[in-house]
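This report refers to the structure that appears directly beneath it.
Residue indices begin at 1 and follow the sequence shown.
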Amino acid sequence: MPKHVMLEVNGLEAGYGSAKTHGYAQVLFGVSLSIAAGEVVSLMGRNGMGKTTLIKAVMGLLPVRAGTVRVEGRKLTGAAPYRVAQAGLGLVPEGRQVFPTLSVEENLIATAANRNGNGNGKPRFALRDVYAFFPRLQERRGNFGNQLSGGEQQMLAIGRALMTNPKLLILDEATEGLAPLIRADIWAALHRLRAEGQSILVIDKHLDALLKLADRHIVIEKGRTVWQGTSGDLAANRADVDRHLQV
């Protein structure tokens, strides 16, 4: 029996600026994608190709010029960001954006919600679960956000998103600029989440790690989908994908 579709994006067009002042710069040109429940999908592309713009449009952080966004069949095109979050999309944004003057624990508690309960009213992720994923956060739970290293801030950003108990976890530049050991911790956490059935959309540049994690892969270039396929397809067509990514 096919799994239900968690996120469906069809023909999305978006950009920046105002058409009224002729200052509109279109970035997305009809991008489509879908993610099923329990599926992990990677979104790849060179810098400036539209990956973050797509995420912003999906999350309601950027106006959509054309196309549709549906979460579990519910049309949310152009909805306010808090409506999109309430529908079950949890974002780990590029740049982490943790609250600098709140402690680690306050950062986590601030976003706590139960948008993907396990059926008995209890959330899948509470403080103890996030600390189990990232023991370093428990060690630093009294430290302010601006006292953390970049890697610790990324763990906190992921933990904060998990505390919303999202139906779909979206990570924009999941391991960008992190030390190799911290990066390995992040990938290990994502593998654990996948094993638990968490739906994930992940933007990253590390193909070898994405091959091991994701079920399917999408490559966008200049705001258009130029390649998509399974990990098997990616392994078999690595040179073609590398050409699009200029790896």
Side-chain angles (χ1 to χ4, degrees), residues 7 14-16 27-28 42-45 47-64 69 71 76 78-116 123 125-127 129-131 133-134 136-179 182-183 185-187 189-190 193 198-206:
L7 173 66
Y16 301 91
V27 177
L28 301 179
S42 81
L43 180 63
M44 296 183 287
N47 291 340
M49 293 294 106
K51 305 184 299 297
T52 295
T53 300
L54 175 60
I55 298 306
K56 287 182 176 179
V58 167
M59 294 299 300
L61 298 166
L62 187 69
V64 172
V69 176
V71 178
L76 288 173
Y82 76 93
R83 293 287 187 195
V84 179
Q86 288 175 342
L89 270 57
L91 174 64
V92 180
E94 184 180 23
R96 295 136 198 168
Q97 299 179 25
V98 301
F99 301 119
T101 58
L102 294 183
S103 70
V104 165
E105 196 148 303
E106 288 169 338
N107 264 273
L108 295 172
I109 294 172
T111 61
N114 189 11
R115 295 172 182 147
N116 191 24
F125 294 101
L127 268 176
D129 306 297
V130 171
Y131 287 153
F133 264 86
F134 298 117
R136 190 184 297 244
L137 292 183
Q138 186 168 21
E139 296 169 5
R140 306 294 302 274
R141 63 185 179 272
N143 289 90
F144 292 123
N146 59 11
Q147 294 176 320
L148 305 180
S149 68
E152 290 166 343
Q153 287 187 4
Q154 183 71 330
M155 291 177 184
L156 180 55
I158 295 173
R160 188 177 59 182
L162 290 178
M163 286 291 287
T164 71
N165 285 275
K167 296 175 180 178
L168 173 65
L169 179 66
I170 301 175
L171 301 104
D172 192 356
E173 296 295 356
T175 65
E176 180 72 16
L178 300 183
I182 299 295
R183 192 183 304 150
D185 288 342
I186 300 295
W187 289 121
L190 295 181
L193 289 170
Q198 176 69 53
S199 305
I200 301 172
L201 173 61
V202 56
I203 296 175
D204 204 89
K205 296 180 176 68
H206 296 88

Review point. Is the shortest heavy-atom distance from the side chain of M163 to the side chain of D129 under 4.5 Å?
Key: no

Quick one, M44 and D204 - any side-chain contact, counting heavy atoms below 4.5 Å?
no

Distance col, row L108:CG vs Q138:CD, nearest 0.5 angstrom, shows 11.0 Å

Exercise. Can you check whether I170 reaches V92 side chain to side chain, under 4.5 Å on heavy atoms?
Worked result: no

Closest heavy-atom pair, G90 versus A161, reported as atoms and distance to 0.1 Å, is C-CB, 4.4 Å

side-chain hydrogen bond (donor to acceptor under 3.5 Å, both in side chains) filter on D172, not counting sequence neighbours, yields T52

Sorted by chain and number, sequence neighbours left out, side-chain contact (heavy atoms from CB on, under 4.5 Å) with L61 holds for K56, M59, P81, L91

Output for pair (I158 CD1, L171 CG), nearest 0.5 Å, gives 5.5 Å

Sorted by chain and number, sequence neighbours left out, side-chain contact (heavy atoms from CB on, under 4.5 Å) with I109 holds for E105, L127

Quick one: are F133 and M155 in side-chain contact, heavy atoms under 4.5 Å? no

For A113, the side-chain contact (heavy atoms from CB on, under 4.5 Å) test, sequence neighbours excluded, returns R115

Tightest non-hydrogen contact, residues I186 and L178, listed as CG1-CD1, 4.0 Å

For E176, the salt bridge (Lys or Arg N to Asp or Glu O under 4.0 Å) test, sequence neighbours excluded, returns K205

Distance col, row E106:CD vs T101:OG1, nearest 0.5 angstrom, shows 8.5 Å

Rounded to the nearest 0.5 Å, the CG atom of L162 sits from the OG1 atom of T164 at a distance of 7.5 Å

- Task: Would you confirm whether T111, through its side chain, and R160, through its main-chain N or O, come within 3.5 Å as a donor-acceptor pair?
- Result: yes

Shortest non-hydrogen pair, A14 vs L62, comes out as CB-CD2, 4.2 Å

Taken to the nearest 0.5 Å, the spacing of F134 CZ from L156 CG works out to 9.5 Å

Practice task
Count the heavy atoms of every other residue, nucleotide or ligand shown that sit under 6.0 Å from CZ of F144, and state whether that count exceeds 12.
Solution key: no

Quick one, F125 with L193, criterion side chain to side chain contact (heavy atoms under 4.5 Å, CB included). Give me CA distance, side-chain angles, the key distance, then yes/no.
CA-CA 11 Å; F125 294 101; L193 289 170; 3.4 Å; yes

Of all heavy-atom pairs linking V71 and A87, the shortest is CG1-O, 3.9 Å

For L89 and L169, run side chain to side chain contact (heavy atoms under 4.5 Å, CB included): C-alpha distance rounded to whole Å, both residues' side-chain angles, the deciding distance at 0.1 Å, then the answer.
CA-CA 6 Å; L89 270 57; L169 179 66; over 6 Å; no

Hits for side-chain contact (heavy atoms from CB on, under 4.5 Å) against Q153, two or more places apart or cross-chain, chain-then-number order -> R96, V98, L148

Is the shortest side-chain heavy-atom distance between Y131 and R141 below 4.5 Å? yes

To the nearest 0.5 Å, atom CD1 of I203 lies from atom CG of L54 at 7.0 Å

Flag side-chain contact, heavy atom, 4.5 Å: I182 against R136: yes

Q: Answer yes or no: is there a side-chain heavy-atom contact under 4.5 Å between K167 and L7?
A: no

